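This report refers to the structure that appears directly beneath it.
All values reported here derive from a predicted model rather than from experimental measurement.
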Amino acid sequence: QLQLVESGGGLVHPGGSLRLSCAASGFTLGDYAVGWFRQAPGKEREGVSCISSSDGSTHYVESVKGRHTISRDNAKNMVYLHMTNLKPDDTAVYYCAADVRIPVNPWLSDYWRGLWGQGTQVTVSS
């Protein structure tokens, strides 16, 4: 069964850190580009970061540049999103998505036509 499963979410104070994991089963995640998205209550799903499969290049939306780092461990079939200096505005359900390549517009969820995970909740609050 082809599946992506996110984990690592939780409740953290402002300024804290979390590492989200995206685990793949049934296929080789290293052969695919992976994107991280988030969706806050009442808002549309937005792209946060993505990593290519071909050259490992990474991309970040402006609001998380310098705070978040995306990486992959092909041996473990995993992609990670290490989030630091978290802010209340980072509160959302975080999703990972896989596709054959990074879409033309990687920040819009509709462009990712492959597999999606079920999401993990991140809450940043004091």
Exercise. Is there a path of hydrophobic side-chain contacts, each under 4.5 Å between heavy atoms of I, L, V, M, F, W or Y residues, that connects Val48 with Ile102?
Worked result: no
For this session: For the residue pair Leu4 and Cys22, establish whether any side-chain heavy-atom pair is separated by less than 4.5 Å.
Result: yes
Exercise. With no hydrogens and no angle check, is any side-chain donor or acceptor of His82 less than 3.5 Å from a backbone partner on Leu18?
Worked result: no
Problem set entry | Co-membership, hydrophobic cluster, residues Val100 and Val104, 4.5 Å side-chain | no
For this session: Answer yes or no: does atom OH of Tyr111 have more than 12 heavy-atom neighbours from other residues, nucleotides or ligands under 6.0 Å?
Result: no
For this session: Give a yes or no on whether the backbone of Val124 and the side-chain of Thr91 come within a donor-acceptor separation of less than 3.5 Å.
Result: yes
Exercise. Do the side chain of Glu6 and the main chain of Gly119 share a donor and acceptor less than 3.5 angstrom apart?
Worked result: yes
Exercise. Would you say the side-chain atoms of Tyr60 pair up with the backbone N or O of Ile70, donor to acceptor, closer than 3.5 Å?
Worked result: yes
Problem set entry | Trace of the side chain to side chain contact (heavy atoms under 4.5 Å, CB included) decision for Met83 with Arg67 | CA-CA 6 Å; Met83 307 187 295; Arg67 299 191 298 123; over 6 Å; no
Exercise. What distance separates Cys96 SG from Met78 CE, expressed to the nearest 0.5 Å?
Worked result: 9.5 Å
For this session: Answer with yes or no whether the hydrophobic clustering places Leu115 together with Leu20; edges join I, L, V, M, F, W, Y residues whose side-chain heavy atoms lie under 4.5 Å apart.
Result: yes
Exercise. Counting heavy atoms not belonging to Tyr32, are there more than 12 under 6.0 Å from its OH?
Worked result: no
For this session: Look up atom CZ in Arg101 and atom OG in Ser52, then write down how far apart they are to the nearest 0.5 Å.
Result: 11.5 Å
For this session: Might you work through the side chain to side chain contact (heavy atoms under 4.5 Å, CB included) test for Val61 and Glu46, ending with a clear yes or no?
Result: CA-CA 9 Å; Val61 70; Glu46 62 173 355; 5.8 Å; no
Exercise. Does Ile51 belong to the same Ile/Leu/Val/Met/Phe/Trp/Tyr cluster as Val64, with side-chain heavy atoms less than 4.5 Å apart forming each link?
Worked result: yes
For this session: Give the C-alpha distance, both sets of side-chain angles, the deciding distance and a yes or no for side chain to side chain contact (heavy atoms under 4.5 Å, CB included) between Ser125 and Leu11.
Result: CA-CA 7 Å; Ser125 175; Leu11 173 63; 4.2 Å; yes
Exercise. Taking Trp112 for the side chain and Ala98 for the main chain, is one N or O donor matched with an acceptor at less than 3.5 Å?
Worked result: no
For this session: Over all heavy atoms of both residues, which pair between Leu29 and Arg72 is shortest? Give the atoms and the distance, please.
Result: O-NH2, 2.7 Å
Exercise. Hey, does the side chain of Asn77 reach the backbone of Ala24 with a donor-acceptor pair shorter than 3.5 angstrom?
Worked result: yes
Exercise. Rounded to the nearest 0.5 Å, what separation is found between the CG atom of Asp110 and the CZ atom of Arg45?
Worked result: 9.5 Å
Seminar exercise, completed: Closest non-hydrogen contact found for Ala92 with Ala40 is CB-N, 3.8 Å
Seminar exercise, completed: Closest heavy-atom pair, Ser49 versus Trp107, reported as atoms and distance to 0.1 Å, is N-CZ3, 3.5 Å
Exercise. If you look at every heavy atom in Pro14 and Ser126, which pair is closest and at what distance?
Worked result: CD-N, 3.7 Å
For this session: Can you see which heavy atom on His68 is nearest to which on Leu81, and at what distance?
Result: CB-CD1, 4.1 Å
Exercise. Per the ring-ring contact (aromatic ring centres under 6.0 Å, His included) rule, which among Trp116, Tyr94, Tyr95 passes with Phe37?
Worked result: Trp116
For this session: Please step through side chain to side chain contact (heavy atoms under 4.5 Å, CB included) for the pair Thr120 and Ser7, ending with a clear verdict.
Result: CA-CA 6 Å; Thr120 184; Ser7 61; 5.5 Å; no
Problem set entry | For Asp90 against Arg38, the heavy-atom pair lying closest together | OD1-NH1, 2.8 Å
